[in-house]
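This report concerns only the one structure given below.
Letters go in sequence order (proteins before strands), and every chain restarts at 1.
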Number of protein chains: 2
Amino acid sequence: MSQRDNVYQRIPRHLVAVDCIIFSYDLVKKVLDLLLIKRDFEPAIGKWSLPGGFVREDEDMEDAARRILYNLTGLKDVFLEQSYTYGNVTRDTGARVISTSYFALIKHQEINDEVKGKHGAHWSAVSEIPDLIFDHNEMVARALNELRCQVRIKPVGFELLPETFTLVQFQDLYEAIYHRIMDKRNFRRKILAMNLLEKLNEKDKVNSKRGAFYYRFIPEKYSEFTRNGFYFDLDVN
Amino acid sequence: MSQRDNVYQRIPRHLVAVDCIIFSYDLVKKVLDLLLIKRDFEPAIGKWSLPGGFVREDEDMEDAARRILYNLTGLKDVFLEQSYTYGNVTRDTGARVISTSYFALIKHQEINDEVKGKHGAHWSAVSEIPDLIFDHNEMVARALNELRCQVRIKPVGFELLPETFTLVQFQDLYEAIYHRIMDKRNFRRKILAMNLLEKLNEKDKVNSKRGAFYYRFIPEKYSEFTRNGFYFDLDVN
DNA sequence: CCAAAAGTGTTTTCTCTACACCCATGT
DNA sequence: ACATGGGTGTAGAGAAAACACTTTTGG
């Protein structure tokens with residue numbers, strides 16, 4: 001403990017953890033996935049849980065979340081955002097633990113399956129999430145809600161897709177996030193009107209004979225976008 | 001320390017605090033205010049600061065925020081919402097303190113000035129916030145942004161007004177929150193179309209000879225509102 | 001009677017929504 | 001030639017925005 005801590009010596013201290021809500025999108029099954037682990041220590045060992053861990057003494061809280069994320073997926077530079085802090089005395093049955101949840105968006109195909117397997121992590125469709133320990137189901141619900149809000153304001157959807165993707169895939173993603181079907185023509189008109197996408201010359205021929213054009217997100221365009229206080233709002237009705 | 005804590009004995013513990021961003025609306029000056037205090041302990045004693053305090057051992061985090069709020073204002077049952085958790089190692093120059101900020105909305109006239117005075121608390125217009133300690137200016141900025149978002153989705157504005165208020169006052173409040181003037185006719189049409197307000201027979205004669213009708217918020221109407229997934233969206237353009 | 005604030009409608013523009021058929025290609 | 005998924009346009013309804021004058025009343 002460093003010298004400067006003297007001032008606060010008599011104050012009670014707390015266990016502080018972070019929990020990660022790791023979303024990904026399965027292009028094939030067309031579902032939004034969540035990465036869950038089997039908890040490997042007591043209490044509640046063997047139960048499904050969000051990946052999490054304690055914040056170290058000289059570690060920024062966000063760094064703690066990134067560390068956990070890295071250990072589980074092998075990924076750095078991931079989209080990560082703080083969600084909410086759960087601070088009830090009895091929320092963890094093992095001890096009083098204050099936990100801040102973070103939600104991450106990763107690309108399904110980028111994950112290192114070897115690393116993932118080592119920790120007993122599994123993808124679970126958000127529509128079929130099992131009972132999780134403590135208040136983790138609540139954490140997921142809140143994060144999912146935040147994801148739905150964010151996706152309307154910022155183009156975070158691109159974090160869940162490969163570099164290049166078709167408009168059909170893009171729409172499928174939105175339909176998975178909102179659990180709702182959208183009108184193809186309206187969706188395309190709106191998304192293209194935002195001028196955030198560049199049409200490429202290659203086609204994806206996996207899903208149809210005709211093939212669908214690939215598009216690419218243009219981050220530079222997005223800067224203009226936010227500078228002008230733009231609103232990334234797709235019809236969700 | 002209770003028995004159940006044994007499991008986690010070797011984990012490092014942290015100082016955890018809450019800071020309160022207490023908004024209020026000054027009907028006369030027509031500005032959004034923030035309650036600030038002069039910090040009364042080291043480090044940074046004497047500097048402007050958000051009111052805050054450490055989370056006790058057997059205290060829910062939200063309760064800690066309510067305790068601080070109560071000590072400063074004498075108010076219970078206040079609108080209070082968690083904003084964000086600041087977890088950088090060096091954010092507090094005295095020690096590593098993790099702090100969660102909460103924002104509160106209180107009615108200007110309900111505050112107990114005696115209690116407030118005792119703690120050296122002062123109102124400051126949000127447009128003229130002084131330099132605050134640590135990352136408190138950032139906390140305010142984030143909370144203000146959240147307030148602006150919330151106010152579009154939920155009718156939280158009513159938390160800042162007296163029981164009865166005129167439409168002029170209501171619009172003034174919105175203009176103060178958004179720092180923007182709005183069209184009187186459009187504003188009134190929209191707000192009345194929501195059916196959340198009951199027109200009373202009394203008039204406020206303070207600000208005009210003709211007098212302006214008082215209105216009252218009807219919470220029951222609001223329940224219908226949210227059940228149907230309604231959107232409380234005033235034009236902010 | 002006049003100053004000062006409250007209250008009130010209409011028109012135009014834009015955005016949202018609903019909707020159905022042709023296109024390209026591999027088999 | 002046909003089955004499969006990809007791609008396109010338009011008309012109607014509803015919401016948002018712009019805009020200026022009349023009303024009330026205390027002094």
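In this structure, Lys76(B) satisfies the cation-pi test against Tyr70(B), with its NZ or CZ atom closer than 6.0 Å to the six-membered ring centre and inside 45 degrees of the ring normal.
Phosphate contact (OP1/OP2 of dA6(C), side-chain N/O of Lys184(B), threshold under 4.0 Å): absent. Phosphate contact (OP1/OP2 of dC19(D), side-chain N/O of Arg185(B), threshold under 4.0 Å): absent.
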Distance-only check: which donor-acceptor pairs under 3.5 Å involve side-chain atoms of residues 22-29 of chain A, not counting sequence neighbours?
residue	atom	partner	partner atom	Å
Ser24(A)	OG	Ile106(A)	O	3.1
Ser24(A)	OG	His108(A)	N	3.1
Tyr25(A)	OH	Leu173(A)	N	3.4
Asp26(A)	OD1	Val28(A)	N	2.9
Asp26(A)	OD1	Lys29(A)	N	2.9

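As a whole-Å value, the separation of Met194(B) CE from dA16(D) P is 9 Å. If you take CZ of Arg188(A) and C1' of dC23(C), they are 13 Å apart, rounded to a whole angstrom. A straight line from CE of Met182(B) to P of dA18(D) spans 13 Å, rounded to a whole angstrom. Rounded to whole angstrom, the span from the CD1 atom of Ile181(A) across to the P atom of dT17(C) amounts to 14 Å. When the C1' atom of dG9(C) is taken as reference, atom CG of Asp183(B) falls 12 Å away, rounded to whole Å. Regarding Phe170(B), its CZ atom lies at a distance of 16 Å from the P atom of dA6(C), rounded to whole Å. Put simply, CG on Leu167(B) is 10 Å from C1' on dA6(C), counting in whole angstrom units. Summarising the geometry, the separation between CG on Leu197(B) and P on dG7(C) is reported as 13 Å, rounded to the nearest angstrom.
Remark: Arg189(A) engages Asn186(A) in a side-chain hydrogen bond (donor to acceptor under 3.5 Å, both in side chains) (not counting sequence neighbours). For Lys199(B), the side-chain contact (heavy atoms from CB on, under 4.5 Å) test picks out Phe213(B), Tyr215(B), with sequence neighbours left out.
Atom CG in Leu69(B) sits 11.0 Å away from atom CG in Asp77(B) (nearest 0.5 Å).
Using a 4.0 Å cutoff on non-hydrogen atoms, the parts of residues 203-213 of chain B near DNA chain C are Asn207(B), Ser208(B), Arg210(B), Gly211(B), Ala212(B), Phe213(B), ordered by number.
Ring centroid separation for the pair Tyr214(A) and Phe165(A) does not come in under the 6.0 Å cut-off. Ring to ring, Phe134(B) and Tyr86(B) are not that close: their centroids are 6.0 angstrom or more apart.
Under the salt bridge (Lys or Arg N to Asp or Glu O under 4.0 Å) criterion, the residue pairs touching residues 131-148 of chain A are Arg91(A)-Asp135(A), with sequence neighbours excluded.
Counting distance only, with no hydrogens placed and no angle test, the side-chain atoms of Asn186(A) and the base atoms of dC16(C) include no donor-acceptor pair under 3.5 Å. Interface remark: the Arg189(A) side chain does form a donor-acceptor pair with the dT10(D) base, using a distance-only criterion of under 3.5 Å.
If you check the side chains of Asp19(A) and Ser99(A), you find a donor sitting under 3.5 Å from an acceptor.
Within the helix from dC1(C)-dG27(D) to dT27(C)-dA1(D), the inter-axis angle between the opening and closing five-pair segments is 10°, rounded to 10°.
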